[in-house]
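Only one structure is covered here, and it is reproduced in the block below.
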Amino acid sequence: MRPVILAIESSCDETSASVIRNGKVLNNIIASQAVHQKYGGVVPELASRAHQQNIVAVVNEAMETSGIDRTELDAIAFTRGPGLMGALLVGVSFAKGMAMALNIPMIEVNHMQAHVLAHFIDDPKPSFPFLCLTVSGGHTQIVLVKDHLTMEVIGQTQDDAVGEAFDKAAKIMGLPYPGGPLIDKYAQLGNPKAYKFSETVMPGLDFSFSGIKTAFLYFLRDEKVKNPNFVDEHVNDICASLQHHLVKMLLTRVRQASEQTGIKNIAIAGGVSANSGLRKELKALGDKQGWNIFIPSFEYCTDNAAMIAVAAHYKYLKGDFCSLDVTPLARMPI
Ligand code: KG4
Ligand code: ZN
């Protein structure tokens with residue numbers, strides 16, 4: 001029943017550990033950092049400190065609940081990047097310490113590849129090739145997935161990520177961080193056609209989300225002149241319309257990518273793939289286009305170590321290990 005791998009994720013504001021045995025994820029322990037809420041975004045210095053505080057307990061819980069003894073581990077995997085440098089350093093250093101103590105190899109994992117590979121934790125698993133729309137707080141990419149470890153980004157944002165657009169719009173409305181899930185919640189009670197926003201159209205399969213936050217800011221400013229209670233009175237319709245707008249921007253590109261490549265296996269991944277509007281509209285579009293749709297369970301949408309573990313499993317099978325002098329990468333192409 002080999003290999004047995006412990007995986008650690010610490011790229012942003014989630015400290016997570018997971019044990020995988022022979023490709024089967026045994027657990028997925030996550031400590032979220034509430035400390036950022038009052039600042040309206042992730043504060044890198046605080047994220048690093050919180051990882052330092054949480055990592056021992058998270059790793060211990062993953063080992064204990066797996067029922068596996070440390071001496072049975074075949075490798076330690078960790079997120080090398082992309083992410084916050086100070087946050088990544090905590091996971092990388094911890095992995096080095098354990099790998100040295102146990103005298104086992106280390107496996108570096110690309111966080112964005114891991115988001116895509118979250119589809120290989122449970123069934124149904126997509127067959128190759130497939131397209132994956134990877135949408136998070138830091139990235140918006142359309143990835144052409146040729147096999148487990150061969151991926152090509154065929155479209156991406158040229159400025160903000162779509163998760164950032166959700167979070168910044170929420171902040172403008174006075175909602176706490178992270179605003180994406182709250183916009184989703186209010187949107188479910190509102191009319192998606194109530195308001196319209198303009199969009200910046202990029203060439204090819206690329207995206208731009210920086211314009212929407214300015215457009216949204218001015219839209220609210222103008223409405224508040226007419227009615228100072230505009231946001232409170234219309235929050236559901238505002239959220240529903242904004243969400244519909246962002247989802248439409250994403251799905252237009254996915255449809256074009258499918259037409260250009262002829263690929264009809266379509267997946268979504270990353271934190272924003274938890275969005276109920278995106279999931280619903282993707283299903284509807286998929287039915288119309290005859291696509292096979294793959295949507296990860298909620299637990300594996302936002303940052304987690306189970307996805308790092310699955311990526312590490314495939315790298316282990318290829319003998320793809322890294323040396324002990326490995327350093328994190330804040331930017332790391334797929
Ligand atoms: O993948 P992730 O956990 O971390 C990064 O790697 O960035 O994604 C976090 C992002 C945040 O921007 C958060 O607001 C967004 O995912 N998010 C959502 C939802 N759940 C999380 N956005 C919209 N609707 C949701 N339900
Ligand atoms: Zn992520």
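Computed from a prediction, not measured in an experiment: that's the story for all the values here. Starting from 1, each residue takes its place in the sequence as its number. First listed ligand is number 1; within each ligand, the first listed atom is number 1.
If you check which protein heavy atom lies closest to atom 24 (N) of ligand 1, you get Asn275 ND2, 3.0 Å. Residue, atom and distance of the protein heavy atom nearest to atom 15 (C) of ligand 1 are Val272 CG2, 3.9 Å. The nearest heavy-atom contact from the protein to atom 10 (C) of ligand 1 is Gly137 N, 3.5 Å. Of the protein's non-hydrogen atoms, Asp303 N, 3.1 Å is the one closest to atom 3 (O) of ligand 1. When only non-hydrogen protein atoms are considered, atom 14 (O) of ligand 1 lies nearest to Asp167 OD1, 2.6 Å. Distance from atom 22 (N) of ligand 1 to its nearest protein heavy atom, with residue and atom name: Gly180 CA, 3.4 Å. For atom 26 (N) of ligand 1, the closest non-hydrogen atom on the protein side is Asp184 OD2, 2.8 Å.
Looking only at N/O/S atoms, Asp303 comes nearest to the Zn ion (ligand 2) through OD1. For His111, the N, O or S atom with the smallest separation from the Zn ion (ligand 2) is NE2.
With a 4.0 Å cut-off on non-hydrogen atoms, Thr302 touches ligand 1 through its backbone as well as its side chain. The proximity of His139 to ligand 1, defined as any non-hydrogen pair under 4.0 Å, does not occur for either the backbone or the side chain. Only side-chain heavy atoms of His111 come within less than 4.0 Å of ligand 1; its backbone N, CA, C and O stay farther off.
Here Tyr177 and His36 keep their ring centres 6.0 angstrom or further from each other. Taking the six-membered ring for Trp, Phe209 and Phe166 have ring centres at least 6.0 Å apart. Here the two rings, on Phe128 and Phe120, have centers that are under 6.0 Å apart.
Note on His139: not counted as a metal contact of the Zn ion (ligand 2), no N/O/S atom lying under 2.8 Å.
For the pair Gly271 and ligand 1, the shortest N or O to N or O distance falls below 3.5 Å. Taking distance alone, with nitrogen or oxygen atoms compared against 3.5 Å, Gly163 approaches ligand 1 more closely than that limit. Of the polar atoms of Glu164, none of the N or O atoms is found under 3.5 Å from an N or O of ligand 1, judged by distance alone.
In the hydrophobic clustering of this structure, Val135 does not group with Met112; members are Ile, Leu, Val, Met, Phe, Trp, Tyr whose side-chain heavy atoms approach within less than 4.5 Å, directly or through other members. Both Tyr316 and Leu117 are members of a single hydrophobic cluster when ILVMFWY side chains are connected at heavy-atom separations under 4.5 Å.
Screening Thr134, Asp303, Asn304 against His115 for a side-chain hydrogen bond (donor to acceptor under 3.5 Å, both in side chains) leaves a single residue, Asp303.
For the pair Arg221 and Phe216, the cation does not sit on the ring face, since its NZ or CZ is not both under 6.0 Å from the ring centre and inside 45° of the axis.
Counting the atoms of ligand 1 from 1 in the order shown, those under 4.0 Å from a heavy atom of Ser136 are 1 (O), 5 (C), 6 (O), 7 (O), 8 (O). Close contacts of ligand 1 with Ala274, meaning ligand atoms under 4.0 Å from a residue heavy atom, involve 20 (N), 26 (N). Near Gly138, with a cut-off below 4.0 Å to any heavy atom, the atoms of ligand 1 are 7 (O). The contact set between ligand 1 and Pro178, taken as ligand atoms under 4.0 Å from a residue heavy atom, comprises 14 (O).
Ion pairing between Lys318 and Asp320 fails under the 4.0 Å rule for side-chain N and carboxylate O.
Within the 4.5 Å cutoff, the side chain of Glu152 has no heavy atoms near those of the Val145 side chain. In this structure, Val25 and Ser18 have side chains that are in contact, with non-hydrogen atoms separated by less than 4.5 Å. Taking the side chain as every heavy atom from C-beta outward, Tyr195 and Asp237 approach each other to under 4.5 Å. The shortest side-chain heavy-atom distance between Ile5 and Arg21 does not fall under the 4.5 Å cut-off. Ile266 places a side-chain heavy atom less than 4.5 Å from the side chain of Ser258.
For the ligand labelled ligand 1, residue Gln243 lies outside the 4.0 Å heavy-atom shell.
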